[in-house]
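Shown next, in structure tokens, is the structure this report addresses.
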Amino acid sequence: TNLTIFASGTGSNAQKIIEYFKAHPSISVGLIVCNNPAAGVLDIARDNNIDTLIIERNRFFQGDAYLPELKDTDIIILAGFLWKIPGALIRAFPDKIINIHPALLPKYGGKGMYGSNVHKAVLENQEKESGITIHLVDEEYDHGRHLFQAKCAVNREDCADRLAQRIHLLEHKHFAKVIEDYVKELQATSLQ
Ligand SMILES: N[C@@H]1O[C@H](COP(=O)(O)O)[C@@H](O)[C@H]1O
């Protein structure tokens, strides 16, 4: 099974996923798609000899959504990708696009709810807990079927950065395994 990771930033989740599947080679990361030429994830790709594709907005939204370049992709992983996925791509990969969101959806999701914005909102609302949601991507922001959630406490003295660090630990611990389990589920259903 060939994964393509879409990312816009540091790439810590991409790093963990690449490492995990080096030890579980039935699944591999064949391509990293990025919409930010300065993103740290591009260094991670280079260090792991993984091809990269830097995309531009017009072709992604008004063009062919880079479908030709994704012909060898089985599943798309969104790991901190900040653009909404166009309908053409969702229809080309039905139930085969997986996103990670740094909060307990359906709360703290939707347009503009990404990165530190999420953690600031959680703190402002004095939530006692937060967490991660790994879900399938459909045409609505942060809306598709949940594959997995994990929780962590929110402490009174937390700031957005400290909460983000705790959330990252949860993401790094669970994301790759959830992907692996979903691939097994897809393989099982395709055999029925
Ligand atoms: N959507 C969010 O964007 C962040 C990406 O972090 P990284 O993988 O680039 O370090 C993660 O917290 C993810 O939940």
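None of the values given here were measured: they were computed from a predicted structure. We use all heavy atoms of the structure for the numbers below, so side chains are in, but hydrogens, waters and symmetry mates are not. As the structure lists them, so they are numbered: ligands from 1, and atoms in each ligand from 1.
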Exercise for the section: Please state whether A7 comes within less than 4.0 angstrom of ligand 1, counting heavy atoms only. Expected result: no
Is it true that [X] and [Y] make a salt bridge, defined as a side-chain N closer than 4.0 Å to a carboxylate O?
X: E140; Y: K84; answer: no
X: D142; Y: K111; answer: no
X: E127; Y: K107; answer: yes
X: E185; Y: K96; answer: no

Exercise for the section: Could you say whether the N/O atoms of H101 and ligand 1 ever approach to under 3.5 Å? Expected result: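 It does not: no N or O of H101 is found under 3.5 Å from an N or O of ligand 1.
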Exercise for the section: Indicate yes or no: does an N/O atom of A14 lie under 3.5 Å from an N/O atom of ligand 1? Expected result: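 N/O-N/O distance under 3.5 Å: no.
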Handout entry: Qualifying residue, where the test is side chain to side chain donor-acceptor pair (under 3.5 Å) with Y20 and the options are Q15, K177, E180, H172
Key = E180
Practice task
Could you check which of A39, A79, P102 puts a non-hydrogen atom nearest to atom 2 (C) of ligand 1?
Solution key: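 Considering heavy atoms of A39, A79, P102, the nearest to atom 2 (C) of ligand 1 sits in P102.
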Practice task
Please could you name the atoms of ligand 1 that T10 approaches to less than 4.0 Å, counting only its heavy atoms?
Solution key: 9 (O), 10 (O)
Problem - Subset of ligand 1 atoms that lie under 4.0 Å from at least one heavy atom of N13 - result: 6 (O), 7 (P), 8 (O), 11 (C)
Practice task
State, yes or no, whether a side-chain contact exists between I179 and F21 at a heavy-atom distance under 4.5 Å.
Solution key: yes
To check your reading of the model: name the closest protein heavy atom to [atom], its residue, and the distance in Å.
atom: atom 9 (O) of ligand 1; result: G11 N, 2.8 Å
atom: atom 1 (N) of ligand 1; result: I100 O, 3.4 Å
atom: atom 3 (O) of ligand 1; result: G80 CA, 3.4 Å
atom: atom 14 (O) of ligand 1; result: E171 OE2, 2.4 Å
atom: atom 10 (O) of ligand 1; result: S12 OG, 2.5 Å
atom: atom 6 (O) of ligand 1; result: H168 CE1, 3.3 Å

Exercise for the section: May I ask whether I27 and I76 are part of the same hydrophobic cluster, defined by side-chain heavy atoms of I, L, V, M, F, W, Y residues being less than 4.5 angstrom apart, directly or through others? Expected result: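 I27 and I76: separate clusters.
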Practice task
Could you verify whether a donor N or O on one side chain and an acceptor N or O on the other, from H168 and E171, lie under 3.5 Å apart?
Solution key: yes
